[in-house]
Trainee: 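The structure under discussion is supplied below as structure tokens; questions concerning it will follow.
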There are 2 protein chains.
Amino acid sequence: MPGDNAAASIAKAAKAAFEASQLIPSSERVRALHEIRKELEAAKDAILQANRTDLEAAQKEVDAGRMSSSLLKRLDLTKGDKWESMLQGVTDVAELPDPTGNVTYANELDDGLELYRVSCPIGVLLVIFEARPEVVVNIAALAIKSGNAAILKGGKESNETSQLLSKAIQTALSKTAIPSTYIQAIQTRAEVSALLELDQYIDLVIPRGSNSLVRNIQNNTRIPVMGHADGLCSVFIDESADVKKAVRIAVDSKTDYPAACNAAETLILHEKILSTVWPEVAMALLAADVTLLCDEPSLAVLHSLSPAPANLSSHVQPSTPRSVFHRTPQSHAWINAHSSHHTDSIVTEDERAASTFCRGVDSAGTFVNASTRFADGFRYGFGTEVGISTGRIHARGPVGLEGLVTYKYMMRSKGEQGHVVGEFGVGEGKKRYKHRKFDAAHVPF
Amino acid sequence: MPGDNAAASIAKAAKAAFEASQLIPSSERVRALHEIRKELEAAKDAILQANRTDLEAAQKEVDAGRMSSSLLKRLDLTKGDKWESMLQGVTDVAELPDPTGNVTYANELDDGLELYRVSCPIGVLLVIFEARPEVVVNIAALAIKSGNAAILKGGKESNETSQLLSKAIQTALSKTAIPSTYIQAIQTRAEVSALLELDQYIDLVIPRGSNSLVRNIQNNTRIPVMGHADGLCSVFIDESADVKKAVRIAVDSKTDYPAACNAAETLILHEKILSTVWPEVAMALLAADVTLLCDEPSLAVLHSLSPAPANLSSHVQPSTPRSVFHRTPQSHAWINAHSSHHTDSIVTEDERAASTFCRGVDSAGTFVNASTRFADGFRYGFGTEVGISTGRIHARGPVGLEGLVTYKYMMRSKGEQGHVVGEFGVGEGKKRYKHRKFDAAHVPF
């Protein structure tokens, strides 16, 4: 295919940059992040000019009915404090603790034979993400901080902006010991397709977007995929729920930021609270302009209320067979079958129900009396967020810098003759393994 | 396809068993392992009879030249202490610390809002492995101990034995609270193909075998794959190598168990030791009956020795272009391009060379003055081994029980009104996150 050679060159350059970077102290990666901020500040006018070009093209698409105005808004780098917070994000990531070089297991296997498990970068990341151009800078900062080379593919709607952001990043890298091909940007889906074949160079694919995007990538590569797909989150209002908590948590989970992947789509009602807690929750949701798709019992309760709640006629509809409202004491079985294993919350005053829910619901986040919207790397205290992984391998749920590292085992013999396994065993004159675990923060060689 | 429905039933039953098991205390999993040992002891005669049937069929294959005699030997459950060590393995795994339920991160996000990251099983494993029948029991024990349901596919050569081993395991499980479909065995590749489609039920595929087996599976599934493929390990003899260490480590890495994935295939020689250390190493390898494929310079040195080493004419050959012997001070670049990123070792007395090698070589194990054969879960002190992962995501290198768990986040609000994110922010009256990390061994609810 045309473009395959170009993709191979990009991938090879990324791998070479990664390997070269392994012998560069991590302090240089921090320096690179500070250089990137400076370079972005220096190139601000040109970048915002490119952003206007993207916005003008997008406006034409919106006018022609081919793009949503919400997508257009997300392209705008000048909106609010977006530019400043993008720059601040680079500084914030630079100042986080180094996720690499940390010993997580140390074991003296024999006198003078020490084993260390030490955190290290994964290698070359291929990151595919949505239209927002500032994500180029976010992801580049996370990759550099964690010691990974990265190839970035943003939304085509922000191509002009992204190209200048990438150029600024590469210019900044060229002022450091880190190869400028450490971060590369690509523009086309054909390049993505070609790169997905190159498992000898690319170590992890991180797609952020719809479920179909993630599945499509999983279907077309041997490379491991850390998917960040849509969430399908639920709030279960248990028999023992406190009505005030139920109202607050249902409303916050649904309305705090409805487009987020950690917003709740489904409310599950215990049948015993249908005529007690449910009307209060429903009225609060209706007052917050939420449309309710109700199953028969929950709908009947709303229609029986007197006076009728505001918005009843405009905002309440019978649900489709895959109902938005359910009631079951076996809520976790229903959630396991229908949710996306992202984040689910129970409102309950019962210890046993809380424990059963947290263990029985097979989701990355299981919450008690807390909004699903808490599922977020910043809120979890990670200082930054790669995204929210919907897979369960390697990193699950909100992913901080730790999700971008793996580990390797380093072993050193200080024995006078080195160490060989033939000396160990059960026979006469054979040595036994000592296996004395010890504490170590860093590898001493 | 025929068999698809059967595969779907197996996968669904596995998922249902997994979900049910999440509410059963982990002590019941330990009890199940003890029941399995008892059941295997009770069924010993029938199992060994089935093993004789497999061996007789295999002998015919060997006689017809369709099977290697080494494969036949691996099928034999009565050889040496294999039966006893299989049983002891179940007890050993039962007695290891529980890898689930351990808190690895705890953070108080606000007064009364606690977040816990807690280790938990992955879900349903599909494990595909080689002919040795005792692996059925090993893998079942590891899966049960770590709380995962598993579907097992062994080599077809041991089908009769494997079926009875699986039956004994299911009988044992039926005496516990754990569903007997927690561990299921399948016999055919068609079933494997059908199962690889079922990413809604199966969470991880673990193929143990050749590189082509692992790649074939990666090509045919959306499910994450933790591959255990062949190793291609190397020993680099540096300029400063101690000759005695070089001899011992080269010989042990190559000859201790040549068929193992952690045995060395490649010796890389620094050019400065070609006429000093290399002749000693070569003579030791030749004396150990190793055939040497040499590049031109290393070959020339051997031919110039007087007297000629034993086995020189029979065991030394010029190498193919992809040479077995190399010499380069840039050994790690060569290793990164040609090894399988499994385990590589340097023999050196130079601190800087050791450090550069350990960081620059992008392999799961990087060793200094130690045999590549140390790359092993038991030797690393894990108490057991799932295998040696040749991937770098989730688990890398020798995998113990920790490699079969993931984590989930549990959060609980003890606040009087529960917790919602709308209360937090930068404006007036908004709360700030507290983010106070604390120590916790287990989740208190």
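Residue numbers start from 1 in every chain, and the chains themselves are labelled A, B, ... in the order their sequence lines are given, proteins ahead of strands.
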Trainee: Which atoms of A/F382 come close to chain B, meaning under 4.5 Å heavy atom to heavy atom: side chain ones, backbone ones, both, or neither?
Mentor: both
Trainee: Who wins among B/G397, B/S355, B/A364 for the most heavy-atom pairs under 4.5 Å with chain A?
Mentor: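 Of the options given, most contacts go to B/A364.
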Trainee: Where on A/E349 is there a heavy atom nearer than 4.5 Å to chain B: the side chain, the backbone, both, or neither?
Mentor: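 Neither; nothing under 4.5 Å.
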Trainee: Working to the nearest 0.5 angstrom, can you tell me the gap between B/L115 CG and A/F367 CZ?
Mentor: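 Answer rounded to 0.5 Å: 7.0 Å.
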Trainee: Flag the one option from A/Q22, A/Q417, A/R412 with the top tally of heavy-atom pairs under 4.5 Å to chain B.
Mentor: A/Q417
Trainee: Do you know which of B/T221, B/T255, B/T356, B/V405 has the most heavy-atom pairs under 4.5 Å to chain A?
Mentor: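 Option with the top pair count is B/T356.
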Trainee: At a heavy-atom separation under 4.5 Å, does B/I249 approach chain A through its side chain, its backbone, both, or neither?
Mentor: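 Looking at B/I249, backbone and side chain both touch chain A.
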Trainee: Hey, does A/R359 have a side-chain heavy atom less than 4.5 Å from the side chain of B/V443?
Mentor: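 They are in contact (side-chain heavy atoms under 4.5 Å apart), so the answer is yes.
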Trainee: Side chain, backbone, both or neither: which part of B/R379 has a heavy atom under 4.5 Å from chain A?
Mentor: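 It is both, since atoms from each part get that close.
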Trainee: What part of A/D199 lies closer than 4.5 angstrom to a heavy atom of chain B: side chain, backbone, both or neither?
Mentor: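 Side chain only.
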Trainee: When only pairs under 4.5 Å are counted, which of A/D256, A/N219, A/V361 shares the most heavy-atom pairs with chain B?
Mentor: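 Ranked by contacts with chain B, first place is A/N219.
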Trainee: Using a 4.5 angstrom heavy-atom cutoff, name the option from A/H394, A/E423, A/M410 with the most pairs to chain B.
Mentor: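 Between A/H394, A/E423, A/M410, the count favours A/H394.
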Trainee: Would you mind checking which part of B/S363 comes under 4.5 Å of any heavy atom in chain A, side chain (CB onward), backbone (N, CA, C, O), both or neither?
Mentor: backbone
Trainee: Can you label the angle between the B/F374 ring and the A/H419 ring as parallel, tilted or perpendicular, going by 30° and 60°?
Mentor: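 Rings of B/F374 and A/H419: perpendicular, as their planes differ by over 60°.
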Trainee: Tell me, out of A/K245, A/R248, A/K244, A/Q218, who's got the most heavy-atom pairs with chain B below 4.5 Å.
Mentor: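 Answer, by heavy-atom pair count under 4.5 Å with chain B: A/R248.
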Trainee: For the candidates A/P224, A/S371, A/G418, which exhibits the highest count of non-hydrogen atom pairs separated by less than 4.5 Å from chain B?
Mentor: A/G418
Trainee: Might you point out which heavy atoms bring B/D252 and A/V421 nearest each other, and give the distance in Å?
Mentor: OD2-N, 3.0 Å
Trainee: I'd like to verify something: which residue of A/E351, A/E19, A/R215, A/H341 has the highest number of heavy-atom pairs under 4.5 Å with chain B?
Mentor: A/R215
Trainee: Answer with side chain, backbone, both or neither: which region of B/Y201 has an atom nearer than 4.5 Å to a non-hydrogen atom of chain A?
Mentor: neither
Trainee: So for A/Y380, is it side chain, backbone, both, or neither that comes closer than 4.5 Å to the heavy atoms of chain B?
Mentor: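 Both backbone and side chain.
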Trainee: Can you give me the closest heavy-atom contact between A/F445 and B/C358, atom names plus distance?
Mentor: CE1-SG, 3.5 Å
Trainee: Would you give the length of the straight line joining atom CD1 of B/I393 to atom CE of A/M226, rounded to the nearest 0.5 angstrom?
Mentor: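 One finds 6.5 Å between CD1 of B/I393 and CE of A/M226.
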Trainee: Given that the side chain runs from C-beta out, which part of A/N107 has a heavy atom under 4.5 Å from chain B: side chain, backbone, both or neither?
Mentor: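 Only the side chain of A/N107 comes within 4.5 Å of chain B.
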Trainee: Is chain A contacted by the side chain of B/Y257, its backbone, both, or neither, given a heavy-atom distance below 4.5 Å?
Mentor: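 Looking at B/Y257, nothing touches chain A.
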Trainee: Counting only heavy atoms not in A/E402 (residues, nucleotides, ligands), do more than 12 fall under 6.0 Å from its CD?
Mentor: no
Trainee: Hey, could you give me the CZ/CG distance between B/R222 and A/N220, rounded to the nearest 0.5 Å?
Mentor: 10.5 Å
Trainee: Would one find more than 12 heavy atoms of other residues, nucleotides or ligands at under 6.0 Å from atom NZ of B/K414?
Mentor: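 Check fails, neighbour count at 12 or below.
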Trainee: Against chain A, label B/E416 side chain, backbone, both or neither, depending on which of its atoms sit under 4.5 Å from a heavy atom there.
Mentor: backbone
Trainee: Need one label for B/K15: side chain, backbone, both or neither, based on atoms under 4.5 Å from any heavy atom in chain A.
Mentor: side chain
Trainee: Only pairs of heavy atoms separated by less than 4.5 Å count here; which of B/S253, B/G391, B/G365 has the most with chain A?
Mentor: B/G365
Trainee: Answer with side chain, backbone, both or neither: which region of B/E108 has an atom nearer than 4.5 Å to a non-hydrogen atom of chain A?
Mentor: neither
Trainee: Non-hydrogen atoms of chain B under 4.5 Å away: do they reach the side chain of A/L113, the backbone, both or neither?
Mentor: side chain
Trainee: Distance-only, no hydrogens or angles: does the B/R392 side chain make a donor-acceptor pair with backbone N or O of A/T406 under 3.5 Å?
Mentor: no
Trainee: Examine whether an atom of B/Y433 lies under 4.5 Å from a heavy atom of chain A, and if so say whether it belongs to the side chain, the backbone or both; otherwise answer neither.
Mentor: side chain
Trainee: Side chain, backbone, both or neither: which part of B/I122 has a non-hydrogen atom closer than 4.5 Å to chain A?
Mentor: both
Trainee: Please look at B/T372 and chain A and tell me whether the side chain, the backbone, both or neither of the residue comes under 4.5 angstrom of a heavy atom of that chain.
Mentor: neither
Trainee: Quick check on the interface: out of B/D376, B/V347, B/D110, B/D203, who has the most heavy-atom pairs with chain A under 4.5 Å?
Mentor: B/D203
Trainee: At a heavy-atom separation under 4.5 Å, does A/S345 approach chain B through its side chain, its backbone, both, or neither?
Mentor: neither
Trainee: Is it the backbone or the side chain of B/A395 that comes under 4.5 Å from a heavy atom of chain A, or both, or neither?
Mentor: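 Answer is both: backbone and side chain atoms of B/A395 are under 4.5 Å from chain A.
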